Amino acid sequence: MPIKVLFFASLRERIGQSQRLLETDTPLTLQEVWQRSSGEAHLPDNVLMSINQTYVDADSLVQPGDEVAFFPPVTGG
């Protein structure tokens with residue numbers, strides 16, 4: 001089952017797309033999901049992440065069929 005990966009705001013612009021599907025039969029770390037879906041080696045600092053619409057930390061495992069989202073840090077003035 002694929003992992004659905006969503007990118008929001010400036011990350012969407014940086015990656016050049018709003019979503020990708022990653023085919024996998026095994027669990028992946030969020031770092032591995034980021035690398036495979038973005039093509040970038042390192043997960044940027046301060047990026048917010050969620051699995052199935054629940055915020056998680058970078059050590060969380062993603063299961064096949066999950067939905068992952070990456071959000072840039074929120075700033076305000």
Side-chain angles (χ1 to χ4, degrees):
M1 253 183 136
I3 295 171
K4 185 176 182 180
V5 184
L6 304 172
F7 302 99
F8 289 92
S10 62
L11 294 176
R12 178 183 59 228
E13 295 169 14
R14 180 174 167 172
I15 304 302
Q17 55 190 343
S18 60
Q19 68 178 15
R20 289 190 94 173
L21 294 176
L22 292 179
E23 292 292 337
T24 184
D25 293 329
T26 59
L28 301 173
T29 65
L30 278 169
Q31 178 70 38
E32 291 171 320
V33 171
W34 173 262
Q35 289 173 332
R36 291 184 186 192
S37 60
S38 71
E40 296 184 1
H42 299 287
L43 184 62
D45 292 336
N46 301 324
V47 168
L48 300 175
M49 299 156 280
S50 71
I51 298 174
N52 299 327
Q53 301 181 8
T54 300
Y55 286 110
V56 296
D57 60 34
D59 297 329
S60 299
L61 283 178
V62 181
Q63 302 295 326
D66 283 347
E67 179 185 270
V68 174
F70 294 99
F71 307 88
V74 177
T75 60

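Below, each value reflects all heavy atoms present in this structure, side chains not excepted, and no hydrogens, waters or symmetry copies. Treat the numbers as computed from the prediction; the structure is a model and nothing was measured.
- In this structure, the side chains of Ile51 and Met49 stay at 4.5 Å or more apart for every pair of heavy atoms.
- Phe71 is listed as a side-chain neighbour of Ser50, based on a closest heavy-atom distance under 4.5 Å.
- Interatomic distance, Gln31 CD to His42 NE2, rounded to the nearest 0.5 Å: 7.5 Å.
- Taking CG of Leu22 as the reference point, atom CD of Gln35 lies at 11.5 Å (rounded to 0.5 Å).
- Atom-to-atom distance recorded for Ile3:CD1 and Glu32:CD is 9.0 Å, nearest 0.5 angstrom.
- A 4.5 Å side-chain heavy-atom check between Leu30 and Val62 finds at least one atom pair inside the cut-off.
- Between Arg14 and Pro72, every side-chain heavy-atom pair lies at or beyond the 4.5 Å cut-off.
- If you take CE on Met1 and CG on Leu21, they are separated by 11.0 Å, rounding to the nearest 0.5 Å.
- With values rounded to the nearest 0.5 angstrom, Gln63 atom CD is found 12.0 Å from Asp25 atom CG.
- Under a hydrophobic clustering in which Ile, Leu, Val, Met, Phe, Trp and Tyr are joined whenever their side-chain heavy atoms come within less than 4.5 Å, directly or via other members, Tyr55 and Leu43 fall into different clusters.
- In this structure, OG on Ser37 lies 3.5 Å from CZ on Phe7, to the nearest 0.5 angstrom.
- In this structure, Leu48 and Phe8 have side chains that are not in contact, with every pair of non-hydrogen atoms separated by 4.5 Å or more.
- Side chains of Trp34 and Leu28 form no contact here, defined as non-hydrogen atoms less than 4.5 Å apart.
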